[in-house]
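First up is the structure itself, then whatever we jot down about it.
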Amino acid sequence: MVGLVRLDQGAYYLPGPANLGVAAAGRRAVAVDTGLDEDRARRLLRALHEEGLELGAVILTHSHADHMGGAAFLASRTGAPVFCSLEERPFVESPVLEGMSLFGGYPPRNLRNKFLLAPPCRVEGVLGPGPALLAGVEVEVVPLLGHSLGHVGVRCGGVLFSGDVYIGRDVLARHGVPFLVEVDAAAATLEGLLASEAAGCLVPGHGQPGPGWREDARANLDRIREVADRVQRLLERPLTSQEASRELCRAYGVRVEAPGQYYLMLSATKAFLTYLFDQGLIGSSVRDGNLLWHRR
Ligand SMILES: [Zn+2]
């Protein structure tokens, strides 16, 4: 079984469907994200134990279930306090808001599965940008906006646990369109990281850490710009949000096979529609009871 991988003095990660970060000082450890569920959280506890580490606190990069699903279990099992950003807090404490934001109303039962509805978790405190000392471990909280409302990264020495600020190129190839809520913020975040000499080693939530991160981040930034252009061109003929999403799926060869995936793609498409609308590049009008987007 794969255990913790050491990246730098006091910085480790546990590879998996969602990579989990660990910042340690002496025997005390801060986990960055918890994985999807109790199984994954138990795995993290075992990996910490094998390394002689003890969980002292948890920081969540954001409130998506694959990153926070194990948080409530870890908190109840170990007493470790859980921290996140101000904007993510309501979603961590009331995860049904995640499903509501995707669906646009109270989510039906088939959207209330563990991939979209994590167990609620009490948040001990909110972390702003900058240095933080938790359980005797020094880390730095870095705002990395775009993927969710208050997404953060956590720096430990030369390592930045970067959550879902970008996804690996193999994951990007499968997803086609990166999931974003704020397109301009996501692009600015990636531009900032790419321009930074001191960015260090990035550990993405999904994909391989290491020196290849710049290529991954660049591929995500290129894809964001390309999708924005593509949506604008699609709207030479007026489309509803659903039609625009369907056309994007076709363009990137994404097979939508489940309601959850449908709503994630629709939500990502809407982020691009909002961005283009706010830039004054597209407009919207209501015709025959449908809201249609069109190029200006
Ligand atoms: Zn996410």
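Both counts, for ligands and for their atoms, begin at 1 and track the order of listing.
Side-chain contact between Glu88 and Met68: absent, with no pair of heavy atoms (C-beta onward) separated by less than 4.5 Å.
Distances from the Zn ion (ligand 1) under 2.8 Å pick out these protein N/O/S atoms: His62 NE2, His64 ND1, His147 NE2, Asp164 OD2.
For Glu38, the CD atom counts as densely surrounded, since its 6.0 Å shell holds more than 12 non-hydrogen atoms of other residues, nucleotides or ligands.
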All N/O donor-acceptor pairs, side-chain side in residues 9-23, below 3.5 Å, sequence neighbours left out:
unit_1 : atom_1 : unit_2 : atom_2 : d
Asn19  : OD1    : Gly16  : N      : 3.3
Asn19  : ND2    : Pro204 : O      : 2.8
Asn19  : ND2    : Gly207 : O      : 2.8

Distance-only check: which donor-acceptor pairs under 3.5 Å involve side-chain atoms of residues 117-124, not counting sequence neighbours?
unit_1 : atom_1 : unit_2 : atom_2 : d
Arg122 : NH2    : Glu124 : OE1    : 2.8

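In this model, a donor atom of one side chain and an acceptor atom of the other lie less than 3.5 Å apart for Asp164 and His62.
In this structure Arg255 satisfies the salt bridge (Lys or Arg N to Asp or Glu O under 4.0 Å) test together with Glu257, sequence neighbours excluded.
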